[in-house]
Chemist: 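Below are the C-alpha cells for one structure; questions will follow.
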Amino acid sequence: MKLVTLDLQFFAGEKTEKATPKKRSDARKKGQVAKSQDVNTAIGLLAVFMFLFIAGSYLFNKIVSILRHSFQDYMLMDLTEESIYLIFMELLKELALLVGPLMLVALVAGVAANYLQVGFIFSTEAIQMKLEKIDPIKGFKRIFSLRSVVEFLKSILKICIVGLITFLVIWNSMNKILTLSQLPLGSAFQFLADLTVKMGLYAGGALLFLALLDYLYQKYDFEKNIRMSKQDIKDEYKNSEGDPLIKSKIKQKQREMAMSRMMQEVPNADVIITNPTHFAIALRYDETKFDAPYVVAKGVDFMAQKIKLIAKENEVIMIENRPLARALYSQTEIGDVIPEEFFKAVAEILAYVYRTKNMVK
C-alpha cells in the first residue's frame, strides 16, 4: 500500500502537463520566452548586406569623396589648432553619413527580429544580481549541460556552413580573382565589393535557415522547461481561485445567511401560495416599494414545509393553487415582482386575503 502511494506521489510530481496561461504570463514577466539569438544574428546580417547591395554605389562614392577630399584639400592645409578642429569635424560628419545608415539598418533589423519572436517585453529579472550566478558548482553544471553541448554543436555547424558557402562563392569566381592584377584599381575594388556582398547574402540566407531550426528547438526547450505537474496546477488553482473546500464552505455560509434572511421575511408576507406539499411562495404587496406584489420567500419540499410552518406560527394566510405556485417558483426569484401574466390571479387571491383579514377584525 505504501509503495502504491509513493508511486502516485511520484507521478503527481512529474512535469507532464502543458503550462497554464498564468505560468506563461509569470515566465514572460521574468523575461523567460522562447527566443533564438541566431534569428537576430541572421536577420541583422541579411539586412546589412541587403543594404550594401542596394546602396553600394552610394557608399563607394562616399568613400571616394572622403579620400579625394583628404588628399586634395587636407594635405595642402596648414596644420593649426583651428584647421585640425575643422578637419576633424568635417571627417566626423562624412563618417557619420557613411556609417550611420549602416548602423541604423542593423539597429532596426535587431529590433524587428526580437519583436517578431517575442513581441514587446521589458524585464529587469535577467540583470538582477543573484548569488547563484557566481556559484562555481552551478556554473560548472551549466558549462557541461545538454544545452551547452547543443550550443557547441550549433556553432561548429554554423562555422562549417559559412566556410563552405564562402569557399564555393570564391571557387566559382576564381578565374576573375586570378585576373585582378590586370584590372584597373576601381574595377578591382568593385569586383571585390560585389564578391563580399554575394558571400554575405548567401551566408546570411543559410544562417537564417539554421536560425529557424534553432528557434523551433528553443521553443521546444522552453515548453519543456515550463511544464507543470498535476500538483503544480492544483496549487496554482488554489492560489488564484482559492481552496475549493474553503470556497464551498463560504458559499454554504452565504446560502445559510440568505436562507435566514428569507425566513425572517415570511412573517411579513401577505399570503403563502402552496402546491400544497412541494412548493411554497410567499408574496407581499407594498405600494411604496413596488407597483405589484413581489416574492419575499420561496421553497421546495423541506424548505416549503418550513415556510408554511413559520407562516402558520405568524398567522399568515396560505392559499392552495398548484399551477400558480409551480409557475411562480420557476419564473421568479426572491425580490422579483411577479410577471404580468399572473397579475389577475394574484390580485384575486390578495383580494380574498384582505377580505378575510377584515372579517377577522
Chemist: Is it true that Lys62 and Glu94 make a salt bridge, defined as a side-chain N closer than 4.0 Å to a carboxylate O?
Modeler: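 Salt bridge between Lys62 and Glu94, a charged N being under 4.0 Å from a carboxylate O: yes.
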Chemist: Tell me whether Ser330 contacts the main-chain N or O of Arg326 through its side chain, where contact means a donor paired with an acceptor under 3.5 Å.
Modeler: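 A pair under 3.5 Å: yes.
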Chemist: Say whether Phe88 and Leu91 are linked into one hydrophobic cluster, either directly or through other cluster members, by side-chain heavy-atom distances under 4.5 angstrom.
Modeler: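 Different clusters.
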Chemist: What are the two closest non-hydrogen atoms of Ile161 and Ala206, and how far apart are they?
Modeler: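 Of all heavy-atom pairs spanning Ile161 and Ala206, the closest is CG2-CB, 3.8 Å.
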Chemist: Counting N and O atoms only, with roles assigned by atom type, does the side chain of Arg284 sit under 3.5 Å from a partner on the main chain of Val296, one being a donor and the other an acceptor?
Modeler: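 No; zero donor-acceptor contacts below 3.5 Å.
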Chemist: Is atom CZ of Phe191 surrounded by more than 12 heavy atoms (other residues, nucleotides or ligands) closer than 6.0 Å?
Modeler: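 Yes, enclosed.
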Chemist: Please examine the side chains of Pro293 and Leu350, heavy atoms only from C-beta on, and report whether any two atoms are closer than 4.5 Å.
Modeler: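 Heavy-atom side-chain distance check passes, below 4.5 Å.
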Chemist: Side-chain contact test, heavy atoms from C-beta onward, threshold under 4.5 Å: evaluate it for Ile338 versus Tyr294 and give yes or no.
Modeler: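 Side chain of Ile338 against side chain of Tyr294, heavy atoms only: no contact under 4.5 Å found.
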Chemist: Check whether any side-chain heavy atom of Leu97 lies under 4.5 Å from a side-chain heavy atom of Tyr58, and answer yes or no.
Modeler: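 The answer is yes, as the side chains (C-beta and beyond) meet within the 4.5 Å cut-off.
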Chemist: Using side-chain heavy atoms (C-beta onward) and a distance below 4.5 Å, is Ile273 in contact with Phe279?
Modeler: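 No, too far: nothing below the 4.5 Å cut-off.
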Chemist: Locate the shortest heavy-atom distance separating Ala203 from Ile165; write the atom from each residue and the value.
Modeler: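 That would be N-CG2, 4.0 Å.
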Chemist: Take Glu223 and Arg24 through the test salt bridge (Lys or Arg N to Asp or Glu O under 4.0 Å) and record every step on the way to the result.
Modeler: CA-CA 9 Å; Glu223 292 292 336; Arg24 295 179 185 276; 2.8 Å; yes
Chemist: Which atom names give the shortest non-hydrogen contact between Thr166 and Val162, and what distance separates them?
Modeler: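 In terms of heavy atoms, the two residues are closest at OG1-O, 2.8 Å.
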Chemist: How about Leu324 and Ile349: do any of their side-chain heavy atoms sit closer than 4.5 Å?
Modeler: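 In contact.
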Chemist: Consider only side-chain N and O atoms of Ser36 and Asp38, and report whether a donor and an acceptor are under 3.5 Å apart.
Modeler: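 Their side chains do not contain a donor-acceptor pair, so the 3.5 Å distance test is not met.
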Chemist: Assess, by modelled atom type and distance only, whether the side chains of Gln117 and Asn40 contain a donor and an acceptor separated by less than 3.5 Å.
Modeler: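 Yes, side-chain donor-acceptor contact under 3.5 Å.
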Chemist: If every non-hydrogen atom of Pro339 is compared with every non-hydrogen atom of Leu328, which pair is closest and at what distance?
Modeler: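 Scanning both residues completely, I find the closest heavy atoms to be CD-CD2, 4.3 Å.
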Chemist: Determine whether Lys35 and Asn114 make a side-chain contact, defined as any pair of heavy atoms from C-beta on separated by less than 4.5 Å.
Modeler: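 Yes, side chains in contact.
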Chemist: Given 3.5 Å as the limit, does a donor-acceptor pair link the side chain of Asp221 with the main chain of Tyr217, or not?
Modeler: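 No: the side chain of Asp221 does not pair with the backbone of Tyr217.
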Chemist: Evaluate the side-chain proximity of Met318 to Lys308: yes if any heavy-atom separation is below 4.5 Å, no if none is.
Modeler: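 Answer yes - side chains close enough.
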Chemist: Looking only at non-hydrogen atoms, find the nearest pair between Ile319 and Tyr352 and report the distance.
Modeler: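 What the structure gives for the nearest pair is CD1-CE2, 3.6 Å.
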Chemist: Treating Asn172 as the side-chain partner and Leu168 as the backbone partner, does any N or O pair qualify as donor plus acceptor under 3.5 Å?
Modeler: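 Side chain of Asn172 to backbone of Leu168: a pair is present.
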Chemist: Return yes if some donor-acceptor pair links the side-chain N/O of Ser173 with the main-chain N/O of Ile170 below 3.5 Å, else return no.
Modeler: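 Side chain of Ser173 to backbone of Ile170: no pair is present.
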Chemist: Are Lys219 and Leu216 close enough that some pair of their side-chain heavy atoms sits under 4.5 Å apart?
Modeler: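 Counting from C-beta outward, Lys219 and Leu216 never come under 4.5 Å.
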Chemist: Okay, side chain of Asn314, backbone of Val316: is any donor-acceptor separation there less than 3.5 Å?
Modeler: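 No; judged by distance alone, with no hydrogens or angles, the pair does not exist.
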Chemist: In terms of side-chain geometry, is the basic nitrogen of Glu333 or Lys298 positioned less than 4.0 Å from the acidic oxygen of its partner?
Modeler: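 Salt bridge present between Glu333 and Lys298.
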Chemist: For Glu287, is there an ion pair with Lys289 - N to carboxylate O distance below 4.0 angstrom?
Modeler: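 No, Lys289 and Glu287 are not salt-bridged.
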